[in-house]
Structures are given as C-alpha cells and as structure tokens.
Amino acid sequence: MSGTERNGSQQPRSPISRETKQLYRSLYAYSSDAVFLLDADGRIVELNPSAERVSGYSAQELQQVKFSEFLLPEDVPIARRKLRTVLTEHHPEEIDLSFRSKPGGLVMVHAKAVPILTNGTVVGILGISQDVTEQAQAVQILDAQSRVLEMIAKSTPLEETLDKLLRMAEYQTGAKCSIRRYDQDVKALFNLAAPSLPESYLQAIEGMEAGERGGACGAAVSRKEIVAVEDIERSQLWERHRDIALKHNLRASWSLPMIDSEGEVLGTFAMYYGEKRLPTEKEIELTRRTCYLAILAIEQNRSNTIIYRMAYHDSLTGLPNRRYFQEKLGESIRRAHNGDSKLAVLYLDLDRFKMVNDSLGHGAGDILLVEIARRLSDSLGPEKFLARQGGDEFVVLLIDEQVPEAEGVARHILDTFVRPFEVSGYELFITPSIGISLYPEHGADPSALLQNADAAMYAAKDAGKDTYALSKPQNEAQDGARILLENDLRKSLERGELYLFYQPQVSLFPIRRIGAEALLRWHRGYSEWVSPADFIPLAEETGLILQIGEWVLRTACTQGKKWIDCGYEPFIMAVNLSPRQFRQPGLVEMIRSILQETGYPPEYLELEITEGMTLDVESASGKMRQLRDLGAQISIDDFGTGYSSLNYLKRLPISRLKVDRSFVRDIESDSGDRDIVKAIIAMAHNLKITVIAEGVENEEQLAFLEENGCDEIQGYLFGRPVPPDEFERGMSVQKVPKQ
Ligand code: C2E
Ligand code: MG
Ligand code: MG
C-alpha cells in the first residue's frame, strides 16, 4: 500500500493543491532518494516509498507530523533556520540532518530543500534526501574508534572507556547496551558498563549464570557466538529473567561474546530494544566493531593490571610486597591521624630459614616460603593485611578494633607454625619470631613503626626464637647496638681480637684425651668477651664468616702442627664449619692449601657440620666426599636438634656424631631424652659411626653415657674451653718423649 493512496482519503490542510501533489508524486514515486513534501508550517504532507523505507515509518504515521519532531534535538535549530531561509528567500538550501528511524537506528541524510512556489508565494518545501547513513556512520565510527583507542592508550580507567564506547554504540543504534565481565571461576556474568540500562535491572541480573538459562548473554558465553533473541517474552533463554526484563521494558536482546586472543571468553557485549526485532546486517557489523574495541580495552586493562600487580605484589608468594605495605601503612597512618584510630605492625622473621636455603637449596626455600605465605594468609583471613617484606620476612598490619588483639594475633601466627611444612619430601619444622609495634605509641611514620617492629622481632629472637615481643623504647638502643656490633666484628680480625680456645675430647674406653674442639672467642675492644652464640649468626648473615672461618681453620691447623712439632701425640682437631662456609665454592681448595701451608696432617682435622647442612643429600655428599678425599674427617654437630630424616646418615661419609648437649643436660630427669640418647648411640653404632656426647658436666651423666656405650665425651667435666697455653698444660702428661 502506497502513501499516495492513503493520502487520498486525508483532508489536506495545506494550501498545496491536489494537482501539485499529483505532479510531485508522479515525479518522485520511484526515486531512490527519500522525498518529503512539507507545507509552509513544516508538516509532512506527502512522502515517497523510499522515505518510508529509510525512516521505517509508514506514510500514514508521518502524515501531518511536524518534520522537526523526527530530528535529533541537536539538529533542530539549524534545520529551522535553513527552512526559514528557503521560505523567505525562495532559494534551495542544502542541509545535513540526522534522525531516528522507527526501530531506533540513527539515519543520516544529506537533504536539499527546494521551495514550492504558487503564484510567487511559497506554499511548501520539497525535501529530497539522500541516505548517507553508511558513509557518515563509517566516519563517526572511525572517529569514535580513535577516541576510544586514545583512551585505551592513555590507560583511562576501564569503566570510563567502556562507558564511552557504549554511548557511541547507543547513539548509532538507538539500543541500550551493556558490557559484562565473565567470571570463569563462578561461571557467571558481572556488570562492567551499561550507561542507559536501569540500575534496578542491573542489580537484578548481577551474577547471572552463564549458559542456556542466562538470557542472550549467558547463551552467548556458552555458545561462543552471537545470540539474537527477537522476543524476550517468548524466549526459552529468558525463562528465568523474563519478568525482570519485561518489567524494564526490554523486549529484544542480542549478545556477542567477547573472546580474547587465547580463545577465552572475557564477557559479553549486549544490546536491548524496547520492541521485538532482530538485528540487521549493519547492526551486526557495528556490534562486532564495538565488541572488538571492548576486547582491546579489557585486554589492555588486564595487562595494566598485571603490571600493577607486578609492581605491588611479590611474584613468588603473590602477597602484597614491601612497597605496597609501605603505601598502605602510610595511608592508614594518614587516616588514623584524622580519626584518632590505632594501628599495629607485626614483623615476622623466620627462625633458621637460612639454614633451609643453604642446605636444601633455594628452590626448596622458595617452596617453603610459598607454603608459609599460604598458611599465613589462610589463618589471618582477608581482613588483616599481610605482605612479604622480603627474604624470609613478612609483615601484618592491624587496624582499629584488630589492634587490641595484636598479641593474640601473634600467638595465633605462632600456632600456625606448629605443624611441619612439607617441602621436597621433607617435613620441615620452622618457627617465626615476631615483633610488634603500635601506632601512635612506637612511631608516627611507616619507617619508625617498621624499624621498631623489626627491633622487637630481634628481641623475640634473643628471647629464644619462636615467640613474639612488643616494641619497647630500649629496642632502639638495641638496634643501634647491633649495628655497632657488626661494625666492630668487621674490624675484629685486623685488630687481632679473635682467639681460639680449645676444649678437650676424651675417649671412655680407655679414658684418654683424643682430641680438641677449636672454639672461637672474641675479645671485643680488648675489654669484653663476646660469646660465639652472639656473633656467629651475625657473621653468617653478613658473610663475614667466610673470612673469620678461614682464619679459624688456619689458626687451628697452625696450633695443631705446633703441638705435634712440640712432641705431643697428634690428636683430632675439630673445627666448626658454618652453613655459608660449607656452601662456599672454594672451600675444598681453601682447606687443601691451609693443610699444605701449615703442614698439619689432614687425617687429624675434623670438620663439624650440622644436620641442616646435609639436607640436600646429593650436593652435601659430593662436597663431603671431596673433603674426605683430602683426608679430613667429618662429624655431625648438635645431632638430634635438626631434621628428623635419619636416612641420610647411611649415604654420607661421616666419622662421628656429636649428641647435642640439650639431650645430655636432662639425662637424669627426662626419660624421653634418655631414650633419644640411647637410640642415637644404637643407630650410630649400627652404621659404624663413633658417638661423642657434648656438654657432659657431671658424674651421673657420664655414668649413663658409659652404661649405654657412648664412645667419647666432651664437657666441663673433663675440661672447659681454654686458651692454647692452658690447654697445653693439661696435655703435658700425654707428651710423647722426643727421640
Ligand atoms: P658447638 O659446636 O656445639 O660447641 C659446643 C659449645 O658447647 C661451646 O660453646 C662449648 O663451650 C659449650 N660447652 C662445651 N661443654 C659444655 C658443658 O659441659 N656445658 C655447657 N653448658 N656448655 C658446654 P661456645 O664455645 O659458646 O660455642 C657455641 C657455638 O658457637 C658452637 O657450638 C658452635 O656452633 C659455634 N662456634 C664456636 N666456634 C666456632 C667457629 O670457629 N666457627 C663456627 N662456624 N662456629 C663456631
Ligand atoms: Mg661444634
Ligand atoms: Mg655442638
């Protein structure tokens, strides 16, 4: 049915005569341009089939409607001005106009408005419009595309970029658009941007499941292709969410899955219309372009997020890193300052972690750290801010109501370390020492709070490790003292403040002196004697142990050779090796040249290592064999305090086991310790390894050890560690007469 016929039944109110209309009608009926005949008031009185096609309205719907009502509001003033010019000045005008077609899409036309004159008066206007939507849209899309690309390049927040993109798509199509993120873990969709959809609708569908019952978007995710629903009211896909969609006047929807370069579904781009319809080819094309830009924006955002994560998170454990913690702490202090709230910093350092790293290798150390991080974050929960400060140090920030619980949290952390950690087939027992500082009591800025918590952590270590300590003002002084200690230790060698004392080792069957352990002493500033227990860990930490250890070996061998040269019967000289020394690449060479240099017989040199250093059996046994090839002996010091894997003993070239003095100490009172000592002796003898007990101070301990077949003894009962001349005096009885 043509508009011409319908027009026949209307009462024309314009002064355009029936003949004029007839004439124009026959001229333009078959024109591919959209032609409108307007009266002098701008009302539509006549239009051709092309105009119906372009506008999507029927002639009947347009009759007597003011032309300006169809235009986009921003085009109305210019259109009015041009039409007025045509009416008053009687000459044609060209004009670019945009309006919404009936389905809602944007139509852009290039129109020529020609005056219709009857007897010299303008009775109407003939509008001949060329549909330039495609070209204009292409330009507009390109323009919008470059604006969005610019936003992506400038790392504009994702929501903002997507919002802009959707507004552009909505402008082009007249639809209401949305972009939703697909969460693979929960298999559901979450809103990212939807500038025109009502908030109540978005809330209702937030977290909507993907799949065949999740509307067009849900189906688009599972099918990985565009899904167009012509009528929501009758679609199976919308069964669950139909009412809420219809309530918000959403009748048709189509959705395109956003698929990234790896083929993973990132989310969906969807368009909604108020009436039932299917997309046109052009609309699908536009949808695809928009989708492409959205994917770009999301992928860019994702790599920005990864960069951000990398800058603020520790790559090994995934926890926030030192920088993040500093910023978070600074921010919390600023807020606390305004609102008078409280903060607590818990500083955790693992006890003996270095030993794991040194003996099992860094790979195992890393696994342990990851396990610890996991256990800590599980036990602290998401409300408490946990970060890795570096190495084997972790920090926790407590805010407000968590603060009074700070000590409870510290105890809770200690509890989580009770169970062993499984690393590379070993069960490792590891403990932390924790220092706590409070805001505002112990510092007003992040570095003061961290320093004081760190100092308190050292106090916890001094108190025996595996415990926590609260920051105290004197901890600052202790911290200073530590730095001084380190400085002095560095100078101790050149100043000649280090000495070796020797403690006798005695065999029981028969009782005779068979060796000596060389034990380090530091006469600091020639005024105080510092125990090796206080400075060896620091020397180990700073690497000074390498120089010191070399000095110890050279001094012990020189002394041993001197005694031999003096005519004393050669005896075992036991020298302690630290983990770092044992790991040191040139160790074997260094010992070989000291032996050559001093002329000390290698078979009388015994190197004491600890259990922890042998955990990596492969590399430890390699090194031990090289040392054995030099002719030296190897003993395991402090046996029983380390790791429980006894299996390795069989595979290592060990000549002696030194039962730790903690077992000997309580032999009389603790039946458990008695059992352990018995078991160690039995097992060692089974493996043809000699057993020496350390720290034997009284006859009762000696009697028990004798009774249970212990081979040798070292302890105050037979002699304390003493300077070489004093040691020599005690040896005189054993002097072998010179020939
Ligand atoms: P260690 O190797 O287990 O040495 C035995 C420690 O027990 C020595 O303490 C010794 O004086 C002490 N001791 C011996 N008999 C008794 C006793 O009957 N009762 C008691 N209560 N203690 C006894 P010291 O000399 O303070 O050394 C402590 C630790 O320092 C040593 O333990 C060793 O691990 C380390 N150390 C000492 N000298 C060196 C060294 O030259 N290099 C390295 N790397 N470490 C060393
Ligand atoms: Mg020792
Ligand atoms: Mg020992």
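Owing to the predicted nature of the structure, the values given are computational and were not obtained by experimental measurement. Whatever order the structure lists them in is the order used to number ligands and atoms, beginning at 1.
- In this model, a donor atom of one side chain and an acceptor atom of the other lie less than 3.5 Å apart for D351 and S433.
- In this structure, Y604 has its ring center no closer than 6.0 Å to that of W563.
- Between F663 and F639, a ring centre-to-centre spacing not shorter than 6.0 Å is recorded.
- The Mg ion (ligand 2) sits nearest to atom OE2 when only the N, O or S atoms of E517 are considered.
- Looking only at its N/O/S atoms, D637 has OD2 as the one nearest to the Mg ion (ligand 2).
- Heavy atoms of N576 found under 4.0 angstrom from ligand 1 belong to the backbone as well as the side chain.
- In this pair, Y324 and F385 present their aromatic rings perpendicular. The plane angle is above 60°, beyond the 30 to 60° band.
- Ligand 1 is approached by E517 to a heavy-atom distance shorter than 4.0 Å.
- The distance from the Mg ion (ligand 2) to the nearest N/O/S atom of E608 is under 2.8 Å.
- Only the backbone of V696 comes within 4.0 Å of ligand 1, judged by heavy-atom distances.
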Legend entry - salt bridge (Lys or Arg N to Asp or Glu O under 4.0 Å) assessment of R656 paired with E606: CA-CA 9 Å; R656 278 209 289 193; E606 184 179 84; 2.8 Å; yes
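- A cation-pi arrangement is not found for R374 relative to F421, the charged atom failing to lie both closer than 6.0 Å to the ring centre and inside a 45° cone about the ring normal.
- Near S578, meaning under 4.0 Å from any of its heavy atoms, are these atoms of ligand 1: 44 (N).
- Interface atoms of ligand 1 facing G715, defined by a heavy-atom separation under 4.0 Å, are 15 (N), 18 (O).
- Using a 4.0 Å cut-off between charged nitrogen and carboxylate oxygen, D629 and R625 do not count as a salt-bridge pair.
- At least one heavy atom of P721 sits less than 4.0 Å from an atom of ligand 1.
- Under 4.0 Å is where a charged nitrogen must lie from a carboxylate oxygen, and between E405 and K384 no such pair does.
- Considering backbone and side-chain N/O atoms, S531 never comes within less than 3.5 Å of an N/O atom of ligand 1.
- Cation-pi geometry between R720 and Y716 is met: under 6.0 angstrom from the ring centre, within 45 degrees of the axis.
- Remark: E608 engages K658 in a salt bridge, criterion side-chain N to carboxylate O under 4.0 Å.
- Listed by number with element, the atoms of ligand 1 under 4.0 Å from a non-hydrogen atom of D637 are 1 (P), 2 (O), 3 (O).
- Nearest to atom 12 (C) of ligand 1 by heavy atom, out of Q701, R521, K658, R661, is R661.
- Within the coordination shell of the Mg ion (ligand 2), defined by N, O or S atoms under 2.8 Å, D638 is absent.
- Here is the list of ligand 1 atoms found below 4.0 Å of a heavy atom in E608: 2 (O).
- Ligand 1 places these atoms under 4.0 Å from at least one heavy atom of E697: 17 (C), 18 (O), 19 (N), 20 (C), 21 (N).
- For E517 and Q503, the side-chain atoms include no donor-acceptor pair closer than 3.5 Å.
- Taking only non-hydrogen atoms, the option from D660, D534, L519 nearest to atom 10 (C) of ligand 1 is L519.
- Within ligand 1, the atoms closer than 4.0 Å to a non-hydrogen atom of I536 are 43 (C), 45 (N), 46 (C), numbered from 1 in the order shown.
- Between E694 and ligand 1, an N or O atom pair is found at a separation short of 3.5 Å.
- R375 has no carboxylate O lying under 4.0 Å from a charged side-chain N of E371, or vice versa, which leaves the two without a salt bridge.
- Within the 4.0 Å heavy-atom cutoff, E540 does not count among the residues contacting ligand 1.
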